[in-house]
Amino acid sequence: MICPASALVERGEGVRFRVWLDGVERPAFVVRFDGHPRAYINACAHVAVELDWLEGAFFDSERQHLICATHGATYDPASGHCVVGPCRGARLTPLTVVERDGQIVLLEDEGRT
Ligand code: FES
């Protein structure tokens, strides 16, 4: 389990967690957008820094896009594609999460040891 489903408010603060991917532990995050949990590796597609300077602050001020605090790349929360910024056309690495029995659960956890 990543967190209780109630911890994710529509277009509100995200929840950070860690995941094993290709044998490496990586930072990740999940937000709620259009009712669904959306999770990504917490690494900008421009430079692989974490998107949030303030922990959990992944949405822009309009709550329409995810935004990288470093250079302002903005991402479609549903697809992870960069729509504006230096990495336009690139994509955040998506993770498959579901809401089940009141919890947010990560389905893929490749390489966990
Ligand atoms: S590091 Fe994210 S926009 Fe440059």
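Remember, it's 1-based here, ligands and their atoms both numbered in the order they're listed.
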Tyr75 side chain vs Ala90 backbone, donor-acceptor pair below 3.5 Å: no

Any idea how many protein N, O or S atoms are nearer than 2.8 Å to atom 4 (Fe) of ligand 1? 2

Would you call the rings of Tyr40 and Phe29 parallel, tilted or perpendicular, taking 30° and 60° as the class edges? tilted

Value for CD (Glu50) from SG (Cys44), rounded to nearest 0.5 Å, stands at 11.5 Å

Could you check Leu106 against Thr96 for side chain to side chain contact (heavy atoms under 4.5 Å, CB included), going step by step and ending with a plain yes or no? CA-CA 6 Å; Leu106 177 69; Thr96 303; 5.9 Å; no

The ring pair (Phe, Tyr, Trp, His ring centres under 6.0 Å) partners of His81 (sequence neighbours excluded) come to none

Under 4.0 Å between a side-chain nitrogen and a carboxylate oxygen: does that hold for Arg32 and Glu10? no

